[in-house]
Each structure stands twice: as C-alpha cells, then as structure tokens.
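As structure tokens, the structure follows; a few thoughts come after it.
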Amino acid sequence: MGTVASLQVVIGAKIDGLRKEIDSAQKILKQKFGSKGLGISQSSLEILGGLGVAIAGIGAAAVRSSAQMEQTRKAFTTLLQDASLAKDFLAELERFAASTPV
C-alpha cells in the first residue's frame with residue numbers, strides 16, 4: 001500500500017504544478033489582452049483546471065483499483081496455496097462477471 005500512497009502524493013504534486021502553470025498563464029494573458037481578454041480566458045483556464053483535476057482523480061482511482069486487485073490476488077494465492085491457481089480463478093471470475101447481466 002506504500003506504493004499507492006506514493007502515487008497519490010505524486011498525482012497531488014502534479015495537480016499543484018498544473019495550478020501554478022494556470023496562474024502563470026493568467027498573468028501572461030492579463031499582460032497581453034488586458035482585463036476584458038482575461039475574463040474570457042479566465043473561463044477557459046478554469047475549465048482546463050477542472051479537467052486536469054478530473055484526470056488526476058481518474059488516475060488516483062485507477063491506482064487504488066489496481067492496489068485492491070493486487071490485494072485480492074494475494075488473498076486468493078494464500079487461500080489456494082498456489083499463485084497460478086489463484087490467477088486462473090480470478091481470470092475465470094472476471095469472465096463470469098463480464099458475461100453476467102447487471
């Protein structure tokens with residue numbers, strides 16, 4: 001789980017870097033286009049910032065999901081006392097879940 005925490009810290013740092021870049025872009029736009037241009041570009045930058053946060057959230061969720069799957073694999077390996085049996089069982093379970101209607 002230490003890896004998951006490390007990746008979440010890295011993702012958080014990337015978001016902070018994105019916010020700094022957005023602030024820098026706002027300053028440049030204000031210098032180039034004045035306040036009126038900044039109003040329009042402000043909306044665009046807020047949308048881009050929101051998209052960046054959403055993408056980072058998806059990345060964090062993917063990391064958590066991967067960590068949970070790894071924990072499940074380890075649990076079945078311990079339960080079945082065989083890594084290849086656990087892998088086969090999880091693959092079969094995944095096929096079953098994919099073919100089962102919601």
Side-chain angles (χ1 to χ4, degrees):
M1 281 303 205
T3 304
V4 173
S6 297
L7 286 172
Q8 288 176 334
V9 168
V10 170
I11 290 169
K14 296 287 184 188
I15 291 171
D16 289 342
L18 176 63
R19 287 187 183 127
K20 288 178 185 175
E21 291 297 323
I22 289 172
D23 289 344
S24 174
Q26 286 176 335
K27 288 178 186 175
I28 292 170
L29 289 169
K30 189 173 185 178
Q31 290 172 350
K32 298 288 183 188
F33 299 109
S35 297
K36 287 185 181 182
L38 185 61
I40 294 168
S41 60
Q42 176 78 24
S43 299
S44 300
L45 289 172
E46 287 173 1
I47 290 169
L48 288 175
L51 286 174
V53 170
I55 290 169
I58 291 169
V63 169
R64 279 193 301 276
S65 178
S66 178
Q68 289 171 345
M69 187 60 184
E70 180 65 17
Q71 289 288 341
T72 302
R73 186 193 60 75
K74 285 181 181 180
F76 276 107
T77 298
T78 301
L79 180 68
L80 299 173
Q81 298 180 346
D82 187 336
S84 71
L85 281 176
K87 181 181 174 186
D88 293 343
F89 177 76
L90 288 172
E92 183 179 334
L93 186 62
E94 186 176 344
R95 283 191 299 274
F96 176 74
S99 65
T100 303
V102 178

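Just so it is clear, the values below take in all heavy atoms, side chains as well, and ignore hydrogens, waters and symmetry mates. Heads up: numbering here begins at 1 and tracks the sequence. Bear in mind the structure is a predicted one, so any value in this text is a computation, not a measurement.
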By salt bridge (Lys or Arg N to Asp or Glu O under 4.0 Å) - contacts of Glu94 (at least two apart) | none

Flag, side chain of Thr78 to backbone of Lys74, donor-acceptor distance under 3.5 Å | yes

Which other residues end up in the same hydrophobic cluster as Phe89, if Ile, Leu, Val, Met, Phe, Trp and Tyr are linked when side-chain heavy atoms come under 4.5 Å apart?
-> Met69, Phe76, Leu79, Leu80, Leu85, Leu90, Leu93

When rounded to the nearest 0.5 angstrom, what is the spacing between CD in Glu70 and OG1 in Thr77?
-> 8.5 Å

